[in-house]
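Take a look at the structure set out below.
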Amino acid sequence: MSQPGRRASLRACQPVLASLVLSALLSFQGALAAPGGAVQAARYHEDALARLARDDVSGAIVQARNAVQQDKGLLAAHLLLGKALLRDGQAAAAEAEFEIAQRLGASMAELAQPYGTALMMFGNSEKLLARIKPDGLAASARAEVLAMRAAAYADQGDVKAAWRAIDEGKAADHRSLAPLRAEIDLALRTRDLPRARKALDAAVAMAPRDAQLLHLQGVMQQGAGKVAVALDYFAQALKVDPRLLDTMVARASLLIDLQRPDEAMPDLERAAAISQREPRVAYLKSLVFAARGDTRASRAQLEEVTRLVDALPDTFIARQPPLLMLGGLASQATGRLERARALLELYVLRMPDDPAGRKLLAGIYLSSGETARVADLLDPLLRSGEADPQVLTTLAALRMQQRRYRDAAEALERAARITGNDPGITAQMGFARLAGQQADLGLLALRSAFDKEPAQFKVAAALVTLYLRRNDVLSATTVAETLLRRLPGDAAAHNLLGAVKAAAHRPAEARSAYLKALALQPALVPARLNLARLDGAEGRLDEARQRLAMLLKEEPGNGQALTEMARLETHAGRPAAALPLLEKAQALMPGDAASGLELLEVHRRLGQPGAALALAKQLERVRPDDPVVLEALGRAHMAVGEGVQARAAFAKLARMAGPDPRYLVAIGQLQLSAGAANDAGASAEKALAAKPGYLPAQVLQVEAEILAGNLPRAEALQRQLAARGSGADALRLAGDLALARQRAGEAMRHYQAAFDKAPSTALALRGFNAAFQAGEGERGVALLEGWSRRQPDAMPVQAALAEGYLRLGRLKEARSAYQALLGRDPHNAAATNNLAQVLMRLNDPGALAMAEKAVRLAPDDPNALDTLGWLQARSGALDLGLKTLREARLRAPESRELRYHLAWVLHRSGKRDEARSELAAAFGNQGDFESQAEAQTLRRELGV
């Protein structure tokens, strides 16, 4: 791997990884000189060359030095020694050797790349621009030099010159990766993500298995919130180049962010073995040790960071914002506040738009009582709408120091709203405990404050919110009514009571309370929002839109109004229109649960499970005891196939649940969906203990026993239900039992009988699936056709019916069904992919475009990738198809159909050994697959 590639990837990471991605750190060594014979020098040189080729860098350095000791004029040995030193991270010593080689007559074409890399390691951009020029070089060398010059211009702040150098480099050699790497670097620096993605796509098309480019794809995916995809790219990069330091650091950082610190440590240990002078590694190790509770080891690593940073030249540090940030963090953590202050002041100077530096520096100023400077730092964030909880709590502390208590209370209220709480000054301890994830202690403190003075609106509002999260409507109602008795003319108090009535499913009483609030205070935003919500819930969509549009016209940055407008778009089947509204709301209110949960649903609809999971984890960190957030987290884990994590989230949800049998059954159903049979059974038992004979809990109990494989016990419970005249429920469970015993025909009869007693979409779908398992697909389709005529708006039925047509080979009907489905839900990725398959079988030329659309809607879906890759390959684009199918296979190695497709393309691409391996895996898995006959033909052809 070329050194310029390493430099470019490091720069490209800077805007994405913020303070954790730093330039490689180097030590100084000089070259020794000694007289010797030319023959012996040549032998040493050849040995050094061989050692470097097999990655024995230390041995190569020793032998190259032996060569130059024997023959000081051996140009090749000086050049080789410089390259080995550079690979070892000794940039200053390498620079000296390259300058000796230059004096001995080395061509700039040979020197430009390694010499420029050594110069840029310490940010010596002036020297690079003065000494390394593209004039007279061959096309490839000229492109590399121009790419390095672009990086040097960018370091000096001359962005226009940097872009010119990149364009000249691309023109010099359109096959060179170097200008594209520089373009990615500069685009990320200037936050031009579209250009960065375009340049990365162009580079990947040229070198799809380049380790640095795989690394950058991981970085980009991480920035987009696709954590699982990012980790996959990092793994691919390290498979290609196991010594890729940047990727080890990036993956470790991501794993730490995901609260998986122990998984990060192996990467950090390997990185430390490669470079013992790397501050990123030391800092990340400090975080791992802190997560383990080892404060002494954590502090030792932070002190190592400060030592490494302090050893660097000040001129170099001043030009490296990530290094400034990392040094500032470590210095602050180790109590060196003056040093932290100096580094962070430089960081804010270099990166004025980054809130992180401003917040850290504001904290330092606040601790030293420099209140005017704190205000100066925070003011741009407050005006720009980037004020997050840390900014607001710092502002509140500042106002407290200034004895501006009202301003402090306002800041804390805003901060609490963002984090899911709603604090007040008189209950500050309670809110602090809530912010510190001590929900029970916080609730106790707030209730104590409210009991002493029931007219405290902020405390009452916080209590109502906490009680409703716990499904304790009675306590919430008591608090709201007590407050209103003390403040009968307070509009906010009426609005609060309205919210409680809405949660208690009393919409008429809720509307009356909201209207009273607006009669007292017509501009009251919470009441206007609540009325819009109520309008939407009651189907008055036009009225809801008008209320929200008027509010957004008055307050364009109102995150709650944006969230409500997005809900209306989602309800209308336009999730793509809701997405930017919710992203803006989250930017305005980071961590806000309402907009976050709505955004999770939009991600789900748009086929973006990775982004949904990343957001759910973020919300759970802010609101660890919020049952709605925990449910969303569990569902997000399930969507990406992380069953263990989903079960853990639902288990925590069950532990938090009270004695409400309906809620316990709902949790049990979630546990069933995650495959946690025993947990679901326990939830059913808790519900029955709270309400003996509760039918939904008894049904759940049977379902849990079936899932656990305890069929005799399940059958006994089902018979008890049937004996008590449970009707359709007992018949449906009999069908489930038959299906568990692989008696699909019997199951179908039970489902049909249950459907005849109490027709429902769920029973229709069960009967449909059982019919296909019994080999009676036409009967299943007929059942759905009849139900569809009665329930034309039941989208799951329409989707299943389209699938049924496809499975029966009724392709024209399948096409019409999928087209109708997409007409109502154009962002349905699964339907789009299935329509592409239908079109492919009909030899419709629109199949490829439809498959491409499916991948755009769900870029991580292996089924969509499989369809697209298969179409690409069958259309003659073997290389493109192979790339797409490899991506699909990494996501679904268990798919026999997919592995057959990959084997077919590998065989056509001349990769017979790999094709045999994939085909053997396809036949090694269990069950039949659609293309099994064609796969058998390929099997004979390959001799598998």
Side-chain angles (χ1 to χ4, degrees), residues 1-13 16-17 20-26 48-61 83-91 94 113-114 117 121 177 181 200 203-204 206-222 227-256 258 260-285 288 883 886-887 889-891 893 913-914 917:
M1 184 57 55
S2 68
Q3 289 295 334
R6 293 181 182 271
R7 175 62 178 169
S9 72
L10 177 58
R11 290 176 172 278
C13 294
V16 180
L17 296 182
L20 298 182
V21 181
L22 309 174
S23 299
L25 303 179
L26 310 160
L49 197 63
R51 288 175 183 270
L52 192 62
R54 59 176 183 265
D55 259 345
D56 179 8
V57 178
S58 298
I61 291 172
K83 291 178 178 178
L85 290 166
L86 186 62
R87 192 182 296 186
D88 196 48
Q90 301 182 54
Q113 183 268 327
T117 302
M121 283 287 205
L177 286 175
R181 295 184 198 275
L200 181 56
V204 169
M206 293 166 58
R209 301 308 299 164
D210 180 275
Q212 290 289 341
L213 296 179
L214 289 167
H215 166 83
L216 284 173
Q217 289 178 88
V219 169
M220 297 289 281
Q221 294 292 340
Q222 182 182 351
V227 176
V229 182
L231 288 172
D232 181 55
Y233 273 118
F234 291 151
Q236 292 182 58
L238 287 170
K239 185 175 182 181
V240 175
D241 184 359
R243 294 175 59 84
L244 197 55
L245 189 70
D246 289 342
T247 305
M248 295 177 197
V249 170
R251 183 164 68 178
S253 175
L254 179 53
L255 289 169
I256 291 170
L258 295 172
R260 294 155 60 182
D262 289 332
E263 294 178 53
M265 190 56 96
D267 275 333
L268 297 176
E269 296 291 1
R270 284 192 291 271
I274 292 171
S275 175
Q276 298 178 1
R277 295 171 293 276
E278 175 54 74
R280 293 177 295 174
V281 174
Y283 184 79
L284 292 174
K285 279 189 171 183
V288 173
K883 175 182 178 295
R886 285 191 189 280
E887 289 291 312
R889 179 246 189 270
L890 288 171
R891 287 165 173 77
D913 290 341
E914 195 177 352
S917 175

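- By the 4.5 Å heavy-atom criterion applied to side chains, Q236 and E887 are counted as neighbours.
- Considering only heavy atoms from C-beta on, L238 comes within 4.5 Å of D267 through its side chain.
- Taken from CG in L49 to CZ in R54, the straight-line distance is 10.5 Å, to the nearest 0.5 Å.
- Closest of all the heavy-atom pairs between A203 and L177 is O-CD2, 3.7 Å.
- In this structure a side-chain-to-backbone donor-acceptor pair under 3.5 Å is present from T117 to Q113.
- Taking all atoms of both residues into account, the shortest heavy-atom contact from A230 to G218 is CB-O, 3.2 Å.
- Residue L200 holds its CG atom at 6.0 Å from CE of M220, rounded to the nearest 0.5 Å.
- Considering every non-hydrogen atom in both V281 and A272, the closest pair reads CG1-CB, 4.1 Å.
- One distance of note links CE of M265 with CG of L255; it measures 12.0 Å at 0.5 Å rounding.
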Exercise for the section: Go through D246 and R280 one step at a time and tell me if the side-chain contact (heavy atoms from CB on, under 4.5 Å) criterion holds. Expected result: CA-CA 9 Å; D246 289 342; R280 293 177 295 174; 3.0 Å; yes

Practice task
For L258 and E263, run side-chain contact (heavy atoms from CB on, under 4.5 Å): C-alpha distance rounded to whole Å, both residues' side-chain angles, the deciding distance at 0.1 Å, then the answer.
Solution key: CA-CA 10 Å; L258 295 172; E263 294 178 53; over 6 Å; no

Problem - Working for side-chain contact (heavy atoms from CB on, under 4.5 Å), residues L244 and L214 - result: CA-CA 11 Å; L244 197 55; L214 289 167; over 6 Å; no

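- The side-chain heavy atoms of I61 and R51, taken from C-beta on, include no pair separated by under 4.5 Å.
- No donor-acceptor distance shorter than 3.5 angstrom exists from the side chain of R181 to the backbone of Q212, with no hydrogens or angles considered.
- If you look at Y233 and H215, their ring centroids are not closer than 6.0 Å.
- Contact check for R251 versus L254: no side-chain heavy atoms found under the 4.5 Å cut-off.
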Practice task
Check the pair V240 / D210 against side-chain contact (heavy atoms from CB on, under 4.5 Å), numbers first and verdict last.
Solution key: CA-CA 7 Å; V240 175; D210 180 275; over 6 Å; no

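- Considering only heavy atoms from C-beta on, R270 stays 4.5 Å or farther from R243 through its side chain.
- Contact between L245 and A271 at its shortest, heavy atoms only, is CD1-CB, 3.3 Å.
- Residues that satisfy the side chain to side chain donor-acceptor pair (under 3.5 Å) test with R886, not counting sequence neighbours, are E914.
- Annotation for A237 and A211: closest pair CB-O, 3.4 Å, computed over non-hydrogen atoms.
- Side chains of D88 and Q90: a donor-acceptor N/O pair is present below 3.5 angstrom, by distance only.
- For the pair M206 and L213, the minimum side-chain heavy-atom distance is 4.5 Å or more.
- The side-chain contact (heavy atoms from CB on, under 4.5 Å) test applied to I256 returns A264, L284, L287, V288, not counting sequence neighbours.
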